[in-house]
Amino acid sequence: MSEKTMVPSRFIFCVMVISMFLLVVSSIFLLQFSNHSFIPRSVLELILVNNTSFYFKPNFKKEQSIPPSFPPEDLPIYAQRELICQVSNSSQNISFVGQQRQMACNPTQALLRVFMYDLPPEFHFGLLNWKGKVNQTWPDLDNPKQIPSYPGGLNLQHSVEYWLTLDLLSSNTAQVVRPCTAIRVHNSSLADVIFVPFFASVSYNRYSKLHENEKVSVNKVLQDRLVDFLMGQEEWKRSGGKDHLIIAHHPNSMLDARQKLGSAMFVLADFGRYRVELANIKKDIIAPYRHLLGTISRAESASYEQRPTLVYFQGAIYRKDGGAIRQELYYLLKDEKDVHFAFGSIKGNGINQASQGMASSKFCLNIAGDTPSSNRLFDAIVSHCVPVIISDEIELPFEDVLDYSEFCLFVRASDAVKKGYLLNLLLSIKQDKWTKMWEILKEIAHHFEYQYPSHPRDAVNLIWEEVAHKVSSMRFNLHRDHRYQLKL
Ligand SMILES: *[C@@H]1O[C@H](CO)[C@@H](O)[C@H](O)[C@H]1NC(C)=O
Ligand SMILES: *[C@@H]1O[C@H](CO)[C@@H](O)[C@H](O)[C@H]1NC(C)=O
Ligand SMILES: *[C@@H]1O[C@H](CO)[C@@H](O)[C@H](O)[C@H]1NC(C)=O
Ligand SMILES: *[C@@H]1O[C@H](CO)[C@@H](O)[C@H](O)[C@H]1NC(C)=O
Ligand SMILES: *[C@@H]1O[C@H](CO)[C@@H](O)[C@H](O)[C@H]1NC(C)=O
Ligand SMILES: *[C@@H]1O[C@H](CO)[C@@H](O)[C@H](O)[C@H]1NC(C)=O
């Protein structure tokens, strides 16, 4: 090596030594003066060590010092997105009950982007006797008093149309605190699904009878107009309706239009009154009935010993179609000990009696009626009465999220009518096994609540999740259909 190169390297060495010395001295200097006003103490603590802070906390176990990944990686993507959505902005107050959130949901974070047609009010809130100002399509959500209520009584069972629509409307308002599972977008090209805000169940329940001077019922007129409207929309033509979401929870709703709109994704109570090409589990979504009985709080829920009735059933006993089994079970069970098996639907005071009955029974029967499903299952769940499902054709909501066998018993109809079979089965479930199911019922009951504003993982949000799951297979089919369609 030549002298020329030796000189700079010695120089660099000196510079390094000096700078290290300066660094050490300045650190000591800083620390020593930390109690004085030279540098604010709070700044120092933040820079050096904040022992209450998660990231700077000294931690001797290495594996623990790595901050856990957020959201947890073992969660499915949609669940991760939901979580990020809820906590991504820590400067906001993110609490879902009773507090105000600072901003509306962000479309890029939502699980599902939904375009909703601005159908005139007579298709939705107008059916609830809501009257807005001239040209006003939707009620003003900023004023909670302006939000029309859904008709009560048995109508409520099928109110999913109302809760989903309100949830979408509120997704653009900063005032309403809700999870951002679904968000309404105003450009249909950016949407995953197209929502059709027709309150088909209330239309069936209230407007299918002919009133004086009417030749055709309002329910039928609305369905015909809806079909005309949809067939004229670019969005419908684009996908042949496959990405449209139509709520038809009452088994008789949409009777006139369902044939023409069968390519859409339906939200239904069950498939009992649909031909399999029109509605099936591949394409459509099963939504829970809104329970008619009040939800029992965990604290008030009676335990095994506090429920004197072994098994409870209250309902219409003579039904057409699949309901013949109710009669057979009635004659098998009516005289047994600790069994309540009685006629009558739960209208009026029946609701109170049924509430008390279910809340003081260990098991509640759900027997196929004229349709495979009924609100009874959901009444049993919110009463924490272990459901016994005797309905071979039943489809259950959210079955990809919930394992019903953990909190329900399933009995084949052919077994249930064997003499002694059902009672022996129920008596063989001992207290500890029953209590396990009861504990799970208390855990999962909130998945069956419809409410506005919606809460994390309640019925409204789980329905959006189900829709999001269907979107990828729907796109798959859509894209296959495009194969031989020439785009010019
Ligand atoms: C850090 O912890 C020590 C001992 O636990 C405590 O005295 C000190 O106040 C803490 N400092 C901060 C900033 O929390
Ligand atoms: C330490 O961190 C906690 C939590 O991150 C924070 O609330 C606190 O204000 C910090 N302390 C100081 C002195 O900055
Ligand atoms: C968090 O929310 C506040 C208030 O809305 C906003 O100013 C800020 O930019 C947000 N931060 C992030 C990281 O999104
Ligand atoms: C969070 O909520 C509390 C109580 O509701 C309020 O005092 C506080 O100012 C809020 N913080 C922000 C950043 O909005
Ligand atoms: C209502 O809408 C019609 C048609 O778009 C328009 O001509 C009319 O001016 C609107 N009325 C009001 C009060 O905005
Ligand atoms: C809707 O989104 C598409 C795709 O991003 C865009 O091309 C179009 O201009 C948008 N339409 C409107 C009305 O903003």
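The figures here come from the full heavy-atom set of this structure, side chains too, leaving out hydrogens, waters and symmetry mates. When a ligand or atom number is given, it counts from 1 through the structure's own listing order.
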(request) Run the numbers on His291 and Asn375 for side chain to side chain donor-acceptor pair (under 3.5 Å), then give the verdict. (result) CA-CA 6 Å; His291 54 85; Asn375 65 297; over 6 Å; no
What donor-acceptor contacts under 3.5 angstrom involve side-chain atoms of residues 145-152, with partners at least two apart or in another chain?
| residue | atom | partner | partner atom | Å |
| --- | --- | --- | --- | --- |
| Gln146 | OE1 | Asp140 | N | 3.4 |
| Tyr150 | OH | Glu161 | OE2 | 2.6 |

Just the distances, no angles: every ligand 5 N or O to protein N or O pair closer than 3.5 Å, one line each.
| residue | atom | partner | partner atom | Å |
| --- | --- | --- | --- | --- |
| ligand 5 | 2 (O) | Asn135 | OD1 | 3.3 |
| ligand 5 | 2 (O) | Asn135 | ND2 | 2.2 |
| ligand 5 | 11 (N) | Asn135 | ND2 | 2.9 |
| ligand 5 | 14 (O) | Asn135 | ND2 | 3.3 |

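Residues Asp392 and Arg412 are not paired through a salt bridge, judged by the lack of any N-O separation under 4.0 Å between the basic side chain and the carboxylate. The pair Glu465-Lys470 does not meet the salt-bridge criterion, since no charged nitrogen lies less than 4.0 angstrom from a carboxylate oxygen. A salt bridge does not link Asp481 with Arg238: none of the charged nitrogens is closer than 4.0 Å to a carboxylate oxygen.
A donor atom on one side chain and an acceptor atom on the other are not found under 3.5 Å apart for Gln157 and His250.
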